[in-house]
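All remarks here apply to the structure that follows.
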Amino acid sequence: MGLVKQQRQDTPALRGPSTPSLERLADAIPDVRRVAARELAGAPGGLAALSARVPVEPDRGVLNLLLTLLVERPSRAVVVGLLPALSSDDARLRGAVAEALAQMPEALEAEIGALLEHADPDVRLQGVVALQHAPIPSAPRLLREVLAREQLVNLCAAALEGLAELGGEADLPAVEAVRTRFPGVPFLDFAATVCAARIRGGHAR
Amino acid sequence: MAKVLVVDDATTVRMYHRAILEAAGFAVVEAANGYEGLEKALSTAFDLILVDVNMPKMDGYSLVRALREQPSTASLPAILISTEAEASDARQGYAAGANLYLVKPVRPDDLTLNARMLTARAVP
Amino acid sequence: MLADRRRGSDVAPPTAPEMEKLVDFVYRRTGMLFEPARHPFLEKRVQDRIAAGDCDGFDEWFGRVRFELGGQECQELINAITVNETHFYREEYQFRSMVTSMLPEIAAAKAPGERIRIWSLPCATGEEPYSIGMYLLDNWGDADRFDIEITGSDIDTDALRRARDGRYDARALQYLPPTVITRFFKKVGADTWQICDALRGSVEFTTANLAAPPISVAGPVHDLVFCRNLLIYFDDVSRRRAAEALYDCIRPGGFLCLGHSESMSRISPIFNVRVFKDAIVYQKPL
């Protein structure tokens, strides 16, 4: 009793039945789905299966694994495969997918234009939020463009949030213009003030 | 002084809610995401929590549900704040256990009034 | 001839709004919140980094931190602002929670004769796994009723060699109660104490790299894992991968303890939060 050394007993990896990984990706048992997901990640065409599973996966642990496996293998196809999930009613799913997209900045950059012009404002919003978190070099310019063209209050708010961190002197006119474009929206007035102060607070360039 | 926990991933929104609540006499603590909000709510006694729905890692509905499962926060007044104005989203909010569901951006008067109502103490 | 490198003191300090941007970013990225009292420390590190990177000023430097795809400057910043000092019984409140809350729960679910497995990674020069052993032998009344396996793992083989050797100086022992030193150490030099043979022989040291999983072939067998002050250095993708690796090696209902400023919130939502009297820890769902 007390402290003892390892017995070094290797537990064999969990093996599913011989049914193909695709079927096991929809198995009732989460651990079986986890193993199937890892198998599919390395298989040809497997990533598409993982993306397709994302919107319907009920277990948050398995969902997280699906997204981790996709994020480790970033590509434009992976990004495009995840976009439909951004229109989901499920806030948890939307958030998880938006976070994953921001972790694939190079692949996301190729698609970000489409995201920012999507018909669904929720999708556009997730695109703006991703811009703030992903290291996309064109983010400041894109945020400026969003701020200039968006009519929806919450999208302008998200753009201001991004510009407060990433904006420069060239953005000040658009930031100040928000006050007059949306009179009577105290939050936007507040956000414009914060954003302008953060931008101005740097040394002149 | 009543203490409010403001949970939102957007810095500017946290600052905005802080400014409104402090002007109304509340003490404010911030959390930048759902898990941090849960940790803070469980380790310190708050009188009110403001929770953004759209947060990464743990969305607002999940946070409120988690709070309702813990004895210490089961009756912590919770205001869910969201960009969604659909009735179904409000229903989801109330089903999760929120006391109130507000749509962003919130007007200062609305937030102040509701915060005061939810933190009003019974007269002994 | 190379031009003289600029020093941090030659660089203008960041302005208040620049500090706000940086503090927000550091908080989001690492979980460390730099309160105003620590701003001078942070400012100086920023000035040093701006000079080292030969940047024109804060904007150029911050642009690198934010947009460099390899994350190099971000990593340099994090290294510069974290203080990595190791000693026995560091973040002791978690060991207290181990004994008062986690081990009792783990033990209650064990069949007779079933082992309790505790893993410390990274273990560096061994202070953490030895601390785990000492603390539970010293404070857990049920330690004798179970076979407890403690493993310490790290990527640094030199550190592991020193861990197996178990020799430390006074600085490492400074937070230990004298009774603990008497019970578990023997003095072997002017400023050197060595872990007693019984404890040294009880802890297994192995190599493992959480940045390159899998980290274990044993499957989900661990009851308690300490992974403190490592994930803070990982980028988002590596952190996701590490969280999955940790998940895969912990048994359902097992616990995970992270460093004080780290929170699972910056890793993934796959663990449950457990609030105990002495600590908030993470638990793999049952």
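Keep in mind that what you see is a predicted model, and the values were worked out from it rather than measured. Lettering of chains follows the sequences in order, A, B, ..., and the numbering in each one begins at 1.
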Would you mind writing out the side-chain donor-acceptor pairs for residues 149-161 of chain A within the sub-3.5 Å range, not counting sequence neighbours?
{"unit_1": "A:Arg149", "atom_1": "NH2", "unit_2": "A:Leu116", "atom_2": "O", "d": "3.4"}
{"unit_1": "A:Glu150", "atom_1": "OE1", "unit_2": "A:Arg124", "atom_2": "NH2", "d": "3.3"}
{"unit_1": "A:Glu150", "atom_1": "OE2", "unit_2": "A:Arg124", "atom_2": "NE", "d": "2.6"}
{"unit_1": "A:Gln151", "atom_1": "NE2", "unit_2": "A:Arg149", "atom_2": "O", "d": "3.4"}
{"unit_1": "A:Asn154", "atom_1": "ND2", "unit_2": "B:Lys104", "atom_2": "O", "d": "3.2"}
{"unit_1": "A:Glu161", "atom_1": "OE1", "unit_2": "B:Thr12", "atom_2": "N", "d": "2.9"}
{"unit_1": "A:Glu161", "atom_1": "OE1", "unit_2": "B:Thr12", "atom_2": "OG1", "d": "2.6"}
{"unit_1": "A:Glu161", "atom_1": "OE2", "unit_2": "B:Thr11", "atom_2": "N", "d": "2.7"}

Nearest-0.5 Å distance that lies between atom [atom1] in [X] and atom [atom2] in [Y]:
X: B:Asp9; Y: A:Gln132; atom1: CG; atom2: CD; answer: 8.5 Å
X: B:Asp59; Y: A:Arg94; atom1: CG; atom2: CZ; answer: 8.5 Å
X: B:His17; Y: A:Phe187; atom1: NE2; atom2: CZ; answer: 7.0 Å

So what's closer than 4.5 Å to chain A heavy atoms on B:Tyr16: side chain, backbone, both or neither?
->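 B:Tyr16 touches chain A through backbone and side-chain heavy atoms alike.
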
Could you tell me which portion of A:Ala191 (side chain, backbone, both or neither) has an atom closer than 4.5 angstrom to a non-hydrogen atom of chain B?
->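 A:Ala191 touches chain B through backbone and side-chain heavy atoms alike.
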
Side chain, backbone, both or neither: which part of A:Asp89 has an atom under 4.5 Å from a heavy atom of chain B?
->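 The backbone, not the side chain.
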
In terms of heavy-atom pairs under 4.5 Å with chain B, which of A:Asp90, A:Val185, A:Asp122 leads?
->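 Looking at each of A:Asp90, A:Val185, A:Asp122 in turn, A:Asp122 comes out on top.
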
Atom CD of B:Gln70: over 12 foreign heavy atoms under 6.0 Å =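 Correct, the count exceeds 12.
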
In chain order, what residues pass the side chain to side chain contact (heavy atoms under 4.5 Å, CB included) check against A:Val71, with sequence neighbours excluded?
->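 Partners of A:Val71 under the side chain to side chain contact (heavy atoms under 4.5 Å, CB included) test: A:Ala100, A:Gln103, A:Met104, C:Val237, C:Arg240.
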
